[in-house]
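I have placed the structure first, in the form of structure tokens, so that the comments after it can refer back to it.
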Amino acid sequence: MSVRVRFAPSPTGYLHVGGLRTALYNYLFARHHNGKCILRIEDTDRTRFVENATENLIKYLSWAGIEFDESLVEGGDYGPYVQSERFDLYREHAQILLESGNAYYAFDTPEEIDAMRQRQQAAGIAPKYDRSVMRNQYTLGDSETKNLIDGGAEFVIRLKVPAMSEVRFSDIIRGEVVVQSKDVDDQILLKSDGFPTYHLANVVDDHLMQITHVIRGEEWLPSTPKHVLLYDFFGWERPQFAHLPLLLNKDKSKLSKRQGSVAVEDYVEKGYFKEAFVNFIALLGWNPTADREIFSMQELIDNFSLEKVNKSGAVFDTTKLDWMNSQYLRILPFSDILEMLKPVLEKHNFVGFDDEYLLKVIDLLKERVIFVYQIPVFAPYMFEEIQEFEIEYMNKHWKENTTEMVKELLQKFIETTDFSHSNLSAITKQYVESLGMKLGNIIHPLRLMITGKSVGAGMFETMEVLGKEKSINRISKFIEMKESGKI
RNA sequence: GGUCCCAUCGACUAACGGUUAGGUCACCAGCCUUUCACGCUGGCAGUAGGGGUUCGAAUCCCCUUGGGAUCACCA
């Protein structure tokens with residue numbers, strides 16, 4: 001039987017980084033086994049409906065390079081892929097459970113349930129639906145139950161958890177898990193509005209969609225016994241479960257909004273490459289070899305296995321992500337970087353540069369920054385005239401004879417027709433040597449005049465990219481300013 | 001609190017009974033150098049604690065401790 005997995009997010013607004021990792025592992029697992037990866041939208045909670053949330057989810061999943069074989073976009077043979085379009089199915093299945101005696105009607109109001117919990121808490125026992133005293137099919141009797149329903153009373157359908165037995169299941173990542181059924185609550189399956197809860201919808205859909213492996217976050221582990229019971233009651237074969245370790249805040253609690261960005265879109269906004277982000281996320285909780293850090297999507301697919309997924313949670317610390325981004329800045333095709341650079345430059349109002357020039361600038365600076373957006377911040381002088389000179393830098397390197405030297409060197413720059421960095425270097429070195437001086441005596445003043453800053457890429461490389469005209473103009477202009485005492 | 005899950009450097013992790021407990025990020029130092037980076041070299045730093053099992057335990061078992069998740073007519 002071929003592998004079929006699903007990513008089943010609830011459209012509550014944005015794609016969570018933990019959700020992205022779950023989606024990614026599902027995707028990697030499916031691709032690794034030549035199986036199918038399905039996207040199913042779990043929108044059974046009408047009170048949490050968020051406009052455009054599904055579109056947003058799909059947008060960022062797609063940004064990350066995660067493709068689905070079946071979804072509301074691609075279609076497929078097991079649709080619809082949106083739970084709100086499958087309500088009849090859930091009602092039918094709840095009915096099956098009712099008839100087989102594995103589920104029952106209950107009529108308690110939220111207030112009554114609340115009162116029950118308070119009594120239990122006061123008595124120091126775990127809050128759990130008390131089938132023997134609440135208003136339900138068993139305490140009311142079948143005829144009264146029928147009367148209530150016929151009379152239009154609101155009801156829910158609850159799972160009838162067996163009194164004394166063990167629920168056990170095996171998890172690919174965690175091994176055998178055993179829970180006593182007395183600790184499992186009579187979960188509501190169908191809400192009073194007729195909509196299913198996650199538990200029912202999830203099991204029905206996973207079965208109907210022939211999902212072979214349920215790969216989801218660890219937060220679902222405590223409710224898995226309910227799901228297992230449902231599979232058994234329906235007489236269905238259970239899928240294999242794999243509960244992924246959680247992504248954590250620095251304080252080790254479940255990754256949350258309060259302690260930093262958790263929305264994938266925030267990281268896109270911050271300028272991370274999708275390749276770096278996916279690579280980073282993939283290695284949080286799973287590691288194929290440990291002697292390697294950089295993996296392309298295809299390499300992740302080739303190496304992926306659920307057996308190597310860790311059991312313990314991973315702190316989502318982006319320090320390493322920054323390093324990865326810098327690595328990708330070096331290995332990614334120039335054309336990709338160029339496309340990211342253009343909109344960034346526009347924001348700075350640095351316009352009118354041709355691709356050829358921009359490519360040279362990227363090559364010049366990519367090893368000195370970790371984000372594309374830092375290029376114009378690190379080296380604005382590549383895109384505009386110098387706004388400000390670092391005075392301290394000037395004071396440190398500008399001696400009495402510097403102006404004279406610079407003038408002579410400028411003359412040589414003007415005379416040369418070869419403005420390559422190697423030739424510029426040769427000219428300059430020859431000149432300082434003729435004076436019996438060191439390169440450092442002239443290169444810092446040069447850097448100051450050309451860039452205004454004390455830090456940057458190789459000086460002659462910078463001049464080459466900037467070009468003869470601009471380089472010479474900046475030097476002449478600076479000398480004028482210097483001699484007229486303007487600086 | 002009940003139930004369940006988890007536990008190797010600060011972080012991500014490797015070692016699936018035998019290693020001086022390895023790698024990466026971060027941090028520190030040195031080298032390189034034209035500044036800043038990159039790069040290279042080296043360094044700091046870990047098996048939560050206690051019992052077993054075994055010739056031998058990070059690894060298997062138990063207890064303790066710690067952390068987390070979950071206990072909704074949310075997913």
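Chain naming here is simple, since letters A, B, ... match the order of the sequence lines and numbering starts at 1 in each.
Nucleotides B:C63 and B:A69 are separated by 24 Å at their P atoms, to the nearest Å. Separation of the C1' atoms belonging to B:U59 and B:U19 is 13 Å when rounded to the nearest angstrom. Taking atom C1' on both B:U54 and B:C62, the two are 16 Å apart, rounded to the nearest angstrom. Comparing the P positions of B:A15 and B:G22 gives an interatomic distance of 14 Å, to the nearest angstrom. Comparing the P positions of B:U24 and B:G39 gives an interatomic distance of 12 Å, to the nearest angstrom. Comparing the same atom, C1', in B:U65 and in B:A26 gives a spacing of 29 Å after rounding to whole Å. Annotation: B:U47 and B:G17 have their C1' atoms spaced 15 Å apart (nearest Å). Here, B:A57 and B:C38 have their P atoms 43 Å apart, quoted to the whole Å.
Within the 4.0 angstrom heavy-atom criterion, no nucleotide atom of any strand lies near A:Arg292. As judged by a 4.0 angstrom heavy-atom cut-off over every strand, A:Ser312 is placed among residues touching the sugar-phosphate backbone only. A:Gly124 comes within 4.0 angstrom of no nucleic acid atom, judged by non-hydrogen atoms across all strands. A:Thr319 comes within 4.0 angstrom of the backbone, heavy atoms only, and of no base. Using a 4.0 Å heavy-atom criterion, one finds that A:Pro288 contacts no nucleic acid atom at all. Using a 4.0 Å heavy-atom criterion, one finds that A:Asp108 contacts the bases of the nucleic acid, with or without backbone contacts as well. Residue contacts shown for A:Val184 are absent, as no nucleic acid heavy atom lies under 4.0 Å away. No engagement by A:Arg46 is indicated, since no non-hydrogen atom pair under 4.0 Å with the nucleic acid exists. No engagement by A:Asp185 is indicated, since no non-hydrogen atom pair under 4.0 Å with the nucleic acid exists. Nucleic acid contact class of A:Tyr393 (heavy atoms, under 4.0 Å, all strands): none. Note on A:Glu293: a base of the nucleic acid sits closer than 4.0 angstrom, heavy atoms only. Residue A:Asn202 is classed as having no contact, given no heavy-atom separation below 4.0 Å to the nucleic acid. Here A:Arg174 lies in heavy-atom contact (under 4.0 Å) with sugar-phosphate atoms only. Nucleic acid contact class of A:Val156 (heavy atoms, under 4.0 Å, all strands): base.
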Quiz: residues 116-124 of chain A side-chain donor-acceptor pairs under 3.5 angstrom, not counting sequence neighbours:
from, atom 1, to, atom 2, distance (Å)
A:Gln120, OE1, A:Lys128, N, 3.1
A:Gln120, NE2, A:Lys128, O, 2.7

In residues 6-13 of chain A, what donor-acceptor pairs under 3.5 Å come from side-chain atoms, sequence neighbours left out?
from, atom 1, to, atom 2, distance (Å)
A:Arg6, NE, A:Asp206, OD1, 2.8
A:Arg6, NE, A:Asp206, OD2, 3.2
A:Arg6, NH2, A:Asp206, OD2, 3.0
A:Ser10, OG, A:Glu42, O, 3.4

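For residues 450-460 of chain A, every residue pair satisfying the side chain to side chain donor-acceptor pair (under 3.5 Å) rule, not counting sequence neighbours, is listed here: A:Glu390-A:Ser454. Legend: salt bridge (Lys or Arg N to Asp or Glu O under 4.0 Å) pairs involving residues 213-233 of chain A, not counting sequence neighbours, sorted by first then second residue: A:Arg174-A:Glu218, A:Asp232-A:Arg238.
Nucleotide B:C71 forms a pair with B:G1, judged by Watson-Crick or G-U wobble geometry with both contacts under 3.5 Å. With both pairing distances under 3.5 Å, B:C25 is matched to B:G10 as a Watson-Crick or G-U wobble pair. Base pairing of B:U53 is not made with any nucleotide, judged by Watson-Crick or G-U wobble geometry with both donor-acceptor distances under 3.5 Å. Pairing for B:C16 is absent, with no Watson-Crick or G-U wobble pair whose two atom distances lie under 3.5 Å. B:U34: no Watson-Crick or G-U partner with both key distances under 3.5 Å is found in any strand.
Each of A:Ala314 and A:Ile113 was matched to the nucleotide of RNA chain B holding its nearest heavy atom; the match closer to the 5' end belongs to A:Ala314. In this structure, A:Lys429 and A:Lys311 both approach RNA chain B, and ranking their closest nucleotides by distance from the 5' end singles out A:Lys311.
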Which is it for A:Ser312 and A:Asn310 under the side chain to side chain donor-acceptor pair (under 3.5 Å) test, yes or no, and what are the steps along the way?
CA-CA 6 Å; A:Ser312 53; A:Asn310 281 187; 5.0 Å; no

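Here the straight-line distance linking atom OH of A:Tyr381 with atom CG of A:Leu466 works out to 9.0 Å at 0.5 Å rounding.
Two rings, from A:Tyr198 and A:Trp220, have their centers less than 6.0 Å apart. Between A:Phe304 and A:Tyr25, the ring centre distance stays below 6.0 Å.
Within residues 359-373 of chain A, the residues approached by RNA chain B to less than 4.0 Å at the level of any non-hydrogen atom are A:Glu367, A:Arg368, in residue-number order.
A cation-pi arrangement is absent between A:Lys191 and A:Phe195, since the terminal nitrogen or guanidinium carbon is not both under 6.0 Å from the aromatic centre and inside a 45° cone about the axis.
Using a cutoff of 4.0 Å between basic side-chain nitrogens and carboxylate oxygens, A:Asp88 and A:Arg91 are scored as salt-bridged. The pair A:Arg135-A:Asp108 fails the salt-bridge criterion, with no side-chain N (NZ, NE, NH1 or NH2) lying under 4.0 Å from an Asp/Glu carboxylate O.
The side-chain contact (heavy atoms from CB on, under 4.5 Å) with A:Ile38 is formed by just one residue from the set A:Ile211, A:Asn26, A:Val5, A:Asp205; it is A:Ile211.
In summary, contact between chain A and RNA chain B, defined as any nucleotide atom under 4.0 Å from a heavy atom of the protein, begins and ends at B:U3 to B:A75 in the 5' to 3' direction.
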